[in-house]
Novice: 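Here it is, the structure, as structure tokens.
Worth knowing before you read on, the calculation uses all heavy atoms, side chains too, and leaves out hydrogens, waters and symmetry mates. Since we're looking at a predicted model, the values are computed, not measured.
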Amino acid sequence: MVTGTELFRAPEEGLLPTVAWQKAGEAPVYALDGGIYSASAAVNWARGLGLFDELEQLNDFRGPPVMESGLVFVPALAGLACPHWDRGARGLWAGLSLETTGLDMARAVLEGVACRAAEVLEAMQLRRPVSGALSIDGGMAKNPYFRQFLADLLERDIVQAASTELTALGTLQLAAEAIGHPVHEQGGKTTIPPRAPCSYLLEGFRKTVTFSREWGERNSRP
């Protein structure tokens with residue numbers, strides 16, 4: 001979240017102040033950063049387990065989210081970052097049954113990562129209201145199901161830029177501007193509106209996160 005010329009310090013919300021950019025002769029522009037340890041890495045890990053073969057299998061799922069049926073995944077594969085900052089937390093699936101398939105479990109991974117993003121956004125909301133659409137990029141932004149579930153979970157529009165690497169593009173634009181050769185973003189943006197709002201699912205996710213953290217505490221070595 002860009003905060004302009006104001007440097008926010010928000011340790012109580014688990015947010016990290018950072019410099020977004022600084023142009024020559026101008027004051028720094030600051031931002032708040034909220035990290036998630038395992039996102040795309042969790043998807044690759046699930047594929048390594050054999051839950052699915054190709055990423056395209058995760059693009060389109062029928063029916064309501066698997067969280068509706070009680071299947072929840074907490075992507076604490078390397079602990080939990082913002083707002084918890086708990087390296088001892090452990091990843092887990094909750095709500096497995098004999099009817100659960102590998103693709104159900106993989107779908108739960110996508111939903112769990114989206115829930116972690118929602119936790120970060122909630123932390124930012126405590127510091128400064130976030131209104132309007134949310135811009136996303138990166139590898140997971142290519143996944144149609146993830147984008148739609150995130151829009152439904154946050155109950156707000158999601159905007160996907162033409163570039164999936166906005167950080168790299170922004171760095172290029174700043175460098176090009178500095179030498180007098182501006183580079184402009186190519187292509188348009190795609191807006192994904194919520195279709196089936198489901199923010200109520202976050203309550204169950206929060207409970208599972210609590211168990212994830214308690215499990216780490218109970219099983220940590222002295």
Side-chain angles (χ1 to χ4, degrees), residues 1-21 28-43 65 67 72-94 108-141 143 146-161 166-167 170 192-194 197-217:
M1 174 196 289
V2 175
T3 59
T5 57
E6 188 172 2
L7 179 63
F8 282 95
R9 300 188 184 278
E12 62 275 17
E13 281 98 39
L15 300 168
L16 307 176
T18 187
V19 175
W21 65 80
V29 176
Y30 296 105
L32 278 175
D33 183 27
I36 298 175
Y37 288 139
S38 300
S40 294
V43 176
M67 289 183 70
V72 180
F73 178 75
V74 178
L77 302 175
L80 291 169
C82 178
H84 311 286
W85 297 110
D86 185 352
R87 279 288 191 180
R90 290 292 175 261
L92 60 87
W93 275 283
V109 170
L110 296 179
E111 295 176 7
V113 172
C115 287
R116 286 289 294 118
E119 285 193 309
V120 172
L121 189 62
E122 284 180 344
M124 290 184 169
Q125 292 271 31
L126 295 174
R127 180 56 51 176
R128 171 179 283 189
V130 181
S131 60
L134 183 73
S135 174
I136 63 171
D137 69 297
M140 291 191 70
N143 183 280
F146 176 79
R147 294 195 303 261
Q148 187 60 60
F149 180 76
L150 185 62
D152 293 343
L153 188 70
L154 299 179
E155 299 186 3
R156 68 172 66 209
D157 289 352
I158 297 296
V159 175
Q160 181 189 12
L166 290 185
T167 302
I192 301 96
C198 59
S199 61
Y200 58 88
L201 293 174
L202 283 170
E203 184 59 32
F205 181 78
R206 294 187 190 100
K207 292 178 180 178
T208 314
V209 166
T210 298
F211 183 74
S212 165
R213 300 183 68 184
E214 291 175 348
W215 180 267
E217 292 175 0

Novice: Check Leu150 against Ala117 and note the closest heavy-atom contact, atom names and distance.
Specialist: CD1-CB, 4.3 Å

Novice: Return all side-chain donor-acceptor pairs below 3.5 angstrom for residues 130-138, not counting sequence neighbours, or 'none' if the list is empty.
Specialist:
from, atom 1, to, atom 2, distance (Å)
Asp137, OD2, Leu166, N, 3.0

Novice: With a 4.5 Å cut-off on side-chain heavy atoms, are Phe205 and Leu153 touching?
Specialist: no

Novice: Are there over 12 heavy-atom neighbours, none belonging to Trp85, within less than 6.0 Å of that residue's CH2?
Specialist: yes

Novice: Would you say Glu13's side chain and Leu126's backbone share a donor-acceptor pair under 3.5 angstrom?
Specialist: no

Novice: Backbone N or O of Ile192 within a donor-acceptor pair of the Gln160 side chain at under 3.5 Å?
Specialist: no

Novice: Arg87 versus Tyr37: any side-chain heavy-atom pair under 4.5 Å?
Specialist: yes

Novice: Can you name the nearest heavy-atom pair linking Trp93 to Val109, along with the distance?
Specialist: CZ2-CG2, 3.9 Å

Novice: If we only count heavy atoms from C-beta on, is the Arg128 to Met124 side-chain gap below 4.5 Å?
Specialist: no

Novice: Scan the side chains in residues 73-80 for donor-acceptor partners under 3.5 Å anywhere in the protein, sequence neighbours excluded, and list what turns up.
Specialist:
none

Novice: For a side chain to side chain contact (heavy atoms under 4.5 Å, CB included) check, start with the C-alpha distance between Val19 and Tyr30, then their side-chain angles and the critical distance, and finish with the verdict.
Specialist: CA-CA 4 Å; Val19 175; Tyr30 296 105; 3.9 Å; yes

Novice: Do you know the tightest heavy-atom contact between Ser212 and Arg90?
Specialist: OG-O, 2.6 Å

Novice: Of the non-hydrogen atoms in Leu201 and Met67, which two are nearest, and what is the gap between them?
Specialist: O-CE, 3.5 Å

Novice: Can you spot which of Pro194, Pro193, Ser199 makes a side-chain contact (heavy atoms from CB on, under 4.5 Å) with Asp152?
Specialist: Pro194

Novice: Do the side chains of Leu121 and Met1 get nearer than 4.5 Å, heavy atoms only?
Specialist: no

Novice: How about Val209 and Glu119: do any of their side-chain heavy atoms sit closer than 4.5 Å?
Specialist: yes

Novice: Provide the closest heavy-atom pair for Leu202 versus Ala118 in the form atom of the first, atom of the second, distance.
Specialist: CD2-CB, 3.8 Å

Novice: Flag the pair Leu92 / Phe211 as yes when at least one side-chain heavy-atom distance between them is below 4.5 Å, and no otherwise.
Specialist: yes

Novice: Step by step, would you call Leu15 with Phe8 a side chain to side chain contact (heavy atoms under 4.5 Å, CB included)?
Specialist: CA-CA 9 Å; Leu15 300 168; Phe8 282 95; over 6 Å; no

Novice: If you define the side chain from C-beta out and look only at heavy atoms, does anything of Phe149 sit under 4.5 Å from Leu110?
Specialist: no

Novice: For Glu6, check side chain to side chain donor-acceptor pair (under 3.5 Å) against everything at least two apart and list the hits.
Specialist: none

Novice: Kindly indicate whether the side chain of Cys82, heavy atoms from C-beta on, has any atom under 4.5 Å from the side chain of Ile36.
Specialist: no

